[in-house]
Each structure stands twice: as C-alpha cells, then as structure tokens.
Enquirer: 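Below is one structure. I have some questions about it.
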Amino acid sequence: MSFILLVEQILNGLQFGIMLFLMAAGLTLIFGVMGLINLAHGSLYMIGAFAAATVAGYTGSFVLALAAALAAAAIVGAIVELVVIRRLYDKDHLDQVLATFALILIFSEGTRWLFGSFPLFLDIPDYLSGPVTLPGGIQYPLYRLFLIVVGLLIALGLGALITKTRIGIQIRAGENDREMIAALGIDISRLYTLVFALGAGLAGIAGALVGAIQSVQVGMGEPVLILAFVVIVIGGIGSMKGALIGAILVGLTDTLGGIFLPELLKLFTDPATATSVGSSLASMAIYILMGAILIWRPTGLFGAKS
Amino acid sequence: MKLKSLMMAAMAAAVVLPASAIAETKVGMITTLSGGGAGLGIDVRDGFLLAIKQSGRDDIEVIVEDDQRKPDVAVQLADKMVQAEQVDVLTGIIWSNLAMAVVPSVTAQGKFYLSPNAGPSALAGAGCHPNYFNVAWQNDNLHEAAGAYANSAGYSKSFILAPNYPAGQDALTGYKRFFEGELAGEIYTTLGQTDYAAEIAQIRASDADSVFFFLPGGMGIAFLKQYRDSGIDIPVVGPAFSFDQGILQAVGDAALGVVNTSQWSKDIDNPTNAAFVESFQAEYGRLPSLYASQGFDTANLLISALEKADVSNADAFRDALRAADFDSTRGDFEFGPNHHPIQTIYAREVIKEGDVYTNKLIGPALENHADAYAGDCQM
C-alpha cells in the first residue's frame with residue numbers, strides 16, 4: 001500500500017462525500033424547515049441528470065447543461081411542492097413516505113415514457129477530462145478535482161446564505177418555530193416553496209455533475225438517496241454543518257473501507273476469503289459507522305437535543 | 001391482435017371444426033419492462049414478437065407481463081400464468097436470481113421453460129430439467145471466452161473485477177477457468193455501485209497488463225467512463241453485457257476499441273442474421289442488441305418445435321425442441337445433453353459507424369463451446 005495510493009483514495013473519498021453533501025443538504029433543509037420526509041429527492045437528482053444530458057446533447061455546452069439541471073430540478077421541485085407536498089405538512093410521516101414514494105414511481109415511469117429505457121449519454125467536457133499530476137507525482141482525474149472544488153464552493157455559498165442573508169434568517173427561524181414566524185408576518189407558504197425548490201436544485205445539480213462520470217438512467221437516484229439519509233442521520237437531522245461533516249465521513253468510510261478491509265483481513269486469512277468477506281464488510285461499513293455514532297450521540301453529531 | 005386472433009380461432013372452431021377446439025399455443029413471457037434493467041427485457045420481448053409476427057402464425061398467443069426485476073413479482077406472475085392463464089410454455093426472464101425463483105417450480109408442474117437470457121450454473125448442472133431449455137448461454141460462457149481471448153492476445157497478468165453476487169462470482173470463476181496467466185488483483189464490488197474511483201486507483205497501482213470486468217448495465221457505463229478519464233491505458237476485456245447496442249451510445253468514445261466476447265454480433269455472416277438485423281431495424285427503428293437476437297432465436301426455436309409436434313404431446317414436443325431445427329441468427333445452433341447451447345463465442349471490437357457506436361466481429365474466441373456443468377446433469 002503506497003503513499004500515493006492512499007492519497008488518491010482519500011481524494012476519492014472526499015469527492016464522493018462532497019457529492020453526497022449536495023443531496024443531503026437539500027434533504028436536511030426540507031426536513032429541518034418543513035418536517036417533511038421526502039423520498040422523491042432521488043427523482044429530482046435523476047431529473048437534473050436527464051435535463052443536463054438533453055441540453056448537452058443539443059447544445060454541446062456543459063455549462064448550459066449544469067444550468068439546465070439546476071433550473072429543471074428547481075422548477076419541478078417548486079411545482080411538486082405546490083401541487084402535492086403542500087398537502088402533506090400536517091400529515092404524519094407515514095403518509096409523507098407513502099405519497100413521496102408514489103412520486104418516485106410517477107417520476108421514474110414518466111422519465112422512461114419521455115426518454116425511453118436506455119441510458120443517455122452525458123460526458124465530461126474536453127477541458128475537464130483526463131488526469132492531472134498533483135505534487136508528489138499523484139495522477140488524479142481533473143474532473144474529480146473540479147467536483148471537489150465546485151462542491152465546496154456550493155457548501156460555502158449555502159453557509160453564507162443561511163447565516164448572512166434575510167432569507168437564511170427566515171429559514172433558521174422556520175426550523176425553530178413555525179407558528180411564530182407566520183405570526184410575524186412572513187409568508188410561510190412562499191418560504192416553503194422556496195426551500196423545497198432550493199433543495200431540489202441542489203439535488204439536480206448533483207445529478208448532472210455525477211451523471212457525467214456515471215450513467216444517466218432511470219432509477220439512478222435511489223441508491224444515492226439511501227446514502228443521503230444515512231448522512232443526515234449521522235450529521236443530525238436539520239443541521240447543515242452536520243450534513244457536510246456526515247457526508248465527508250460517509251464518503252471516506254465507504255471508499256477507504258472498500259480498500260483497507262480486504263487488505264486487513266489478508267493478514268488473518270487466505271486471500272480469496274479475505275476478498276469476499278472484506279468486500280461484504282466494506283459495504284456494511286457506513287451502517288456500522290451510523291450505528292456507532294447513534295449509540296454515542298442519539299440525535300446525530302450536530303442534532304438538536306431532544 | 002390478441003382479440004383478432006381469438007376471434008379468428010373462435011370462428012374457425014365454429015365453422016370448420018365444430019366438434020373440437022382448434023389447437024392454440026399460449027406462451028407466457030415474464031420479463032423486465034420497468035426499472036433500471038428494462039432495456040434488456042424490452043429487447044428480448046421485441047425480438048421474440050418480431051419472430052412470431054414474421055412466422056405469420058396466429059395460433060400462438062403471447063402474454064407479456066413485467067416482473068419489475070423482483071423475484072417475488074416474477075413468482076406471482078408465474079403462478080398466475082400457470083394456474084389462471086393455463087399457458088403451455090414460459091419464457092422471458094432476464095436475471096438469474098429471478099430464473100432460480102421461477103424455473104424449478106414451473107418445470108416441476110410440467111410446463112416448458114425456454115430461457116432467452118439467464119443461465120445460472122445451478123440449472124445447467126445437477127438442477128437441470130427435461131423441460132428446461134436455455135437458448136442463450138450458460139452464465140459462465142462469455143467470461144470463459146474472455147479468458148481464452150486474453151490468452152490469445154498474449155496477456156499474462158489480469159486485474160479482474162465483478163459485483164459481489166452469484167452471477168458476478170460465476171463471471172470471475174469462468175474467466176479464471178480459461179485464463180492461463182496470473183492475477184494482479186481480484187475485486188468484488190458492491191452490486192449497483194456507480195463510483196469506481198477506488199478500484200481504478202488499485203488498478204493503477206498494480207502491475208497488470210490487462211483488466212477483465214463484468215459489470216452489466218449502468219455499472220459498466222460508469223466504470224468505462226471513469227476508467228477512460230483516469231488516463232490508464234491498460235487494455236480492457238469483458239463480456240458483451242457492458243457493450244450491447246442499448247448502452248454503447250451512453251458510454252460513447254470510452255468504449256472504442258474495447259474487445260468483448262459474445263455469441264452473437266450483428267455482422268455474423270448468415271442470411272438469417274442479415275434478415276433479422278434489417279427487419280428489426282425496420283420494425284423498431286433501432287439496431288438490435290444481443291438480447292434481441294436471443295429473444296428472436298427463442299421464438300424461432302418454439303415455432304420450429306410447434307411445426308413438428310403439438311405442445312400437448314409433451315414427449316414429442318420436447319424431442320422437437322431438442323432437435324433445435326431452426327435457422328439461428330448465430331449460425332449453427334445445437335443443444336448439449338443438459339439443454340444448453342453448444343456454440344461458438346466470438347471476440348468483437350467496439351467501433352463507430354457514422355454516428356452510431358456498435359460492434360465489429362474479430363473472430364472466434366472459443367469454437368463449439370459447451371458449458372462446464374453438462375457432466376453433472378442427470379436426466
């Protein structure tokens with residue numbers, strides 16, 4: 001296990017974590033402000049990727065594709081909030097899960113109806129493709145570095161939005177006391193639509209960014225959604241800082257676990273068993289992490305004390 | 001079409017044969033038409049229905065149902081087809097885990113099952129059944145051919161990876177059965193994994209001279225795009241499942257020049273195949289994939305058997321199936337003793353024809369290849 005490989009894997013874990021953060025940020029925002037469990041968040045991720053692939057196919061521009069992903073997911077998010085989600089705020093969580101699960105099915109089959117069953121093409125633009133050499137002779141794909149930088153910039157932007165702006169104050173107030181901010185004359189339903197669209201837009205842009213190196217296909221959002229839920233449970237539901245730390249923890253655990261657990265087991269057993277047991281353990285690693293953190297802090301790392 | 005053929009059958013029965021009903025064969029197709037793996041099921045269905053349509057026979061009724069890639073749904077559909085619809089023949093399942101849930105029970109109830117795709121080793125060896133015929137391949141076959149191709153290409157050190165589930169383990173076993181070199185590394189990834197940065201870093205750190213991977217569907221698209229972007233230039237080989245017509249367009253340039261193994265290619269030179277490719281394109285407006293060719297061959301096998309024997313006479317019908325007396329899109333086609341194909345598996349290379357990515361035949365990787373489990377089959 002060389003030093004170069006280790007650094008490369010840490011960068012991989014970081015990049016994975018930051019993309020998870022974009023998904024988890026929207027989820028935790030929506031749960032924190034509206035108290036809503038939104039299973040359809042993965043569908044918004046898929047919508048972002050499909051919008052990006054379509055626009056990139058017509059215009060060839062990656063920047064336009066990203067803008068389209070953001071816009072399409074945010075607009076669909078706003079429409080869904082107005083038409084469906086709005087009726088769910090005072091229902092219990094089971095009703096929300098049922099209704100948003102129905103949305104997953106509607107979005108998946110609707111996307112298939114529009115785009116067909118075969119995966120779409122979305123590629124990295126030429127100016128971001130290929131590897132770069134980092135100090136120490138590490139070869140690393142430029143696009144993955146780009147993902148880390150863009151993700152961190154979005155995280156900073158979100159932090160500034162929530163701590164420094166008027167809308168951020170309203171969001172934080174909404175998390176603390178919904179009735180009180182309504183009583184203070186703030187249009188709470190407009191705020192909800194805005195927060196939902198913001199979360200949806202983040203998911204959409206994550207879908208487009210990740211879609212360029214993965215496959216743009218129906219159902220691509222659901223595996224990420226599960227990880228995003230793990231992230232917000234670890235970070236503490238409703239906490240933006242928790243989502244960032246949780247996402248990076250999950251990203252690093254998942255990436256490094258997949259490499260080091262089989263290697264570690266090889267010290268004790270034969271290589272074939274080590275490989276199969278190690279990779280099984282590695283796929284459990286993030287859930288073990290979640291379990292351990294919940295035992296230590298039942299509300300998550302940055303969750304409000306109940 | 002179903003209503004029309006029923007009415008015609010009813011009219012014929014009423015007018016021509018008032019005493020006995022006309023023989024109609026009911027085929028139940030359970031396949032994946034929604035969810036992530038739908039492209040495969042749609043291709044199998046379209047190939048199958050195209051062959052039925054071309055045969056001009058309106059006494060074959062095909063009932064198509066969607067299993068959503070879920071074993072429990074597939075089992076429910078199979079029960080419904082056997083008990084309520086009273087089908088004679090079942091077909092269509094794409095995934096090995098679904099086949100394992102459905103096939104043993106329907107063949108035990110005396111129905112015939114013709115597999116257009118899944119070929120789990122358990123059904124080829126000790127678990128074989130006289131009423132089970134596989135028209136595609138035994139799961140290990142294409143991977144064995146990849147191992148044989150790696151030998152002939154002069155590779156001596158392979159890095160191999162596959163998802164951690166039964167077909168993934170079959171894949172690496174199959175490759176290792178024929179590959180004579182040593183392994184630079186062996187990784188089981190998570191099923192459904194979409195980010196391969198960690199695995200690619202390990203490939204870069206290894207001293208491999210070739211990479212073998214079995215990552216069907218979206219997993220393969222993600223791997224190939226990320227592999228190309230990593231700048232590693234170790235050659236890649238794999239089975240056709242990551243290079244079929246449906247997904248090549250989504251992989252794009254990253255797949256160009258990659259050698260993959262398949263029992264079928266659109267440029268295999270025989271009249272049946274040329275007619276199939278042309279008529280499939282005319283009917284559906286896209287190039288056929290290997291899954292479509294498997295669906296097409298399955299239907300033609302069924303039609304050839306129906307021409308010789310009625311499905312109600314099970315022994316005669318089984319003999320007619322075993323004879324495999326039909327023109328296959330792959331050229332010569334025959335069944336081994338365990339009802340799995342003995343066939344030539346080719347190496348293909350990904351090329352670009354105009355704007356379309358597709359495969360070009362290089363040559364045979366394994367000729368007249370039978371599977372490794374036939375000896376365990378007692379029937």
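Just so it is clear: chains get the letters A, B, ... in the order the sequence lines come, proteins before strands, and each one is counted from 1.
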Enquirer: Taking only heavy atoms into account, what residues of residues 220-227 of chain B are found under 4.5 Å from chain A?
Expert: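 B:I221, B:A222, B:K225, B:Q226, listed by number.
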Enquirer: Can any side-chain N or O of B:D229 pair as donor or acceptor with the backbone N or O of A:G130 at less than 3.5 Å?
Expert: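 Pair found, side chain donor or acceptor close to backbone of A:G130.
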Enquirer: For A:A73, enumerate each residue passing the side chain to side chain contact (heavy atoms under 4.5 Å, CB included) test, keeping only those at least two apart in sequence or located in another chain.
Expert: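 Partners of A:A73 under the side chain to side chain contact (heavy atoms under 4.5 Å, CB included) test: none.
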Enquirer: Non-hydrogen atoms of chain B under 4.5 Å away: do they reach the side chain of A:A212, the backbone, both or neither?
Expert: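 Just its backbone gets close to chain B.
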Enquirer: Which members of residues 246-255 of chain A, sorted by number, sit under 4.5 angstrom from chain B on a heavy-atom basis?
Expert: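 Listed by number, the contacting residues are A:T255.
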Enquirer: Between CG of A:L5 and OG of B:S206, what distance do you get to the nearest 0.5 Å?
Expert: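 It is 10.0 Å, given to the nearest 0.5 Å.
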Enquirer: What are the two closest heavy atoms between A:P119 and B:A250, and how far apart are they?
Expert: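 Minimum heavy-atom contact is O-CB, 3.6 Å.
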Enquirer: So which of B:R204, B:E186, B:E199 has the biggest tally of heavy-atom pairs under 4.5 Å with chain A?
Expert: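 Ranked by heavy-atom pairs under 4.5 Å with chain A, first place is B:R204.
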Enquirer: Counting only heavy atoms closer than 4.5 Å, note whether A:S129 contacts chain B via side chain, backbone, both or neither.
Expert: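 Contact with chain B is through both the backbone and side chain of A:S129.
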Enquirer: So, do B:Q202 and A:I259 sit near enough that their side-chain heavy atoms are less than 4.5 Å apart?
Expert: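 Heavy-atom side-chain distance check passes, below 4.5 Å.
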Enquirer: Give a yes or no on this: more than 12 heavy atoms of other residues, nucleotides or ligands lie within 6.0 Å of atom OH of A:Y58.
Expert: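 It does not: A:Y58 OH has 12 such atoms or fewer within range.
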Enquirer: Can you name the closest pair of heavy atoms from B:S230 and A:P141 and give their distance?
Expert: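 Nearest pair, atom of B:S230 first, then A:P141: CA-CG, 4.1 Å.
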Enquirer: Name each donor-acceptor pair under 3.5 Å that joins a side chain in residues 10-17 of chain A to protein atoms two or more places apart or in another chain, with its distance.
Expert:
from	atom 1	to	atom 2	distance (Å)
A:N12	OD1	A:Y140	OH	2.7
A:N12	ND2	A:E8	O	3.3
A:N12	ND2	A:Q9	OE1	3.0
A:N12	ND2	B:A197	O	3.3
A:Q15	OE1	A:R144	NH1	2.5

Enquirer: With only heavy atoms counted, which part of B:A201 is less than 4.5 Å from chain A, the side chain, the backbone, both or neither?
Expert: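 Both backbone and side chain of B:A201 come within 4.5 Å of chain A.
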Enquirer: Select one option (side chain, backbone, both, neither) describing which atoms of A:L120 are under 4.5 Å from chain B's heavy atoms.
Expert: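 For A:L120, backbone heavy atoms alone lie under 4.5 Å from chain B.
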Enquirer: Between B:T194 and chain A, with a heavy-atom cut-off of 4.5 Å, which part of the residue counts as in contact: side chain, backbone, both or neither?
Expert: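 Contact with chain A involves both backbone and side-chain atoms of B:T194.
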Enquirer: Might you work through the side chain to side chain contact (heavy atoms under 4.5 Å, CB included) test for A:I124 and B:R228, ending with a clear yes or no?
Expert: CA-CA 11 Å; A:I124 308 168; B:R228 201 257 325 237; 5.6 Å; no
Enquirer: State the OG-CG distance between A:S283 and B:N164, to the nearest 0.5 angstrom.
Expert: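 These two atoms lie 7.0 Å from each other.
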